[in-house]
Amino acid sequence: MFGSKKSDEEKAAAKARRDLNVAALKVGNVRVSGDGDYFQTPNQGNVPVEGARVTLDKGEAAKRITATRVALAGPFALLLRKDTTKLFVTIEGADGSAMLIAVPAGREVAARTFEVMVNSRLS
């Protein structure tokens with residue numbers, strides 16, 4: 001009545017694009033462009049979604065003791081070390097473009113979910 005209805009394939013593609021965008025946003029400051037063609041993040045080039053491959057690397061474990069924790073906890077500050085471990089998400093496009101995003105270790109589950117979603121699109 002008010003325009004054409006979307007086919008089931010179009011609905012499925014739109015849902016997959018939304019799910020991918022939500023997963024990308026959970027990882028960090030990454031988003032999928034409005035038309036679903038590119039991954040975008042500030043200060044880095046766009047990477048095409050089609051044929052993209054994501055790898056996840058764990059940075060060196062780093063735990064440090066901050067001055068605030070020493071002041072508040074005294075000798076117990078040794079038990080309250082701050083975890084500054086980072087994960088590095090690399091998005092590589094089929095055209096050779098790449099994007100590297102540093103992610104806090106607490107977002108590992110979201111990063112792994114994003115990795116599986118993107119890499120499963122290849123098969």
Side-chain angles (χ1 to χ4, degrees):
M1 180 173 186
F2 293 105
S4 62
K5 295 214 177 219
K6 290 185 178 179
S7 68
D8 290 339
E9 293 83 24
E10 290 172 326
K11 289 178 185 177
K15 183 181 180 334
R17 189 170 39 247
R18 274 193 314 271
D19 291 345
L20 184 61
N21 195 26
V22 168
L25 287 171
K26 285 182 181 178
V27 168
N29 201 6
V30 179
R31 67 182 188 91
V32 178
S33 64
D35 55 3
D37 291 340
Y38 293 97
F39 290 111
Q40 299 174 327
T41 191
N43 303 324
Q44 293 191 37
N46 296 342
V47 176
V49 171
E50 193 64 37
R53 181 150 202 81
V54 174
T55 55
L56 186 64
D57 298 317
K58 204 165 208 172
E60 184 176 322
K63 292 195 174 197
R64 63 187 180 96
I65 303 169
T66 61
T68 305
R69 290 172 197 250
V70 171
L72 294 175
F76 296 107
L78 294 174
L79 301 174
L80 303 173
R81 292 182 179 166
K82 184 175 183 178
D83 186 8
T84 57
T85 305
K86 296 257 186 204
L87 298 174
F88 296 97
V89 178
T90 307
I91 305 172
E92 300 172 47
D95 64 350
S97 59
M99 181 183 294
L100 179 68
I101 302 115
V103 179
R107 292 190 185 166
E108 183 173 3
V109 173
R112 296 224 179 259
T113 302
F114 177 67
E115 177 186 27
V116 169
M117 286 181 78
V118 173
N119 291 342
S120 66
R121 293 171 61 100
L122 292 174
S123 39

Could you give the side-chain donor-acceptor pairs of residues 98-118 under 3.5 Å, partners two or more places apart or in another chain?
from	atom 1	to	atom 2	distance (Å)
R107	NH1	V27	O	3.3
E108	OE2	R112	NE	3.2
E108	OE2	R112	NH2	3.1
T113	OG1	V109	O	2.8

- Item | Under the salt bridge (charged side-chain N to carboxylate O under 4.0 Å, His left out) test, residues paired with D19 that sit two or more places apart | K15

- Message: When you group the ILVMFWY residues by side-chain heavy-atom contacts below 4.5 Å and let the links chain together, are V89 and V32 in the same group?
- Response: yes

- Message: What I'd like to find out is whether the side chain of E50 reaches to under 4.5 Å of the side chain of D37, using heavy atoms alone.
- Response: no

- Output for pair (N21 CG, R31 CZ), nearest 0.5 Å, gives 7.5 Å

- Message: Taking the side chain as everything from C-beta on, heavy atoms only, tell me whether P48 gets closer than 4.5 Å to D95.
- Response: yes

- Looking only at non-hydrogen atoms, find the nearest pair between T41 and N29 and report the distance. OG1-O, 2.7 Å

- Taking every heavy atom of A52 against every heavy atom of N119, the minimum-distance pair comes out as O-OD1, 4.4 Å

- Message: Which heavy atom of I91 sits nearest to which heavy atom of F39, and what is that distance?
- Response: CG2-CD1, 3.8 Å

- Message: Is there a path of hydrophobic side-chain contacts, each under 4.5 Å between heavy atoms of I/L/V/M/F/W/Y residues, joining L20 to L56?
- Response: yes

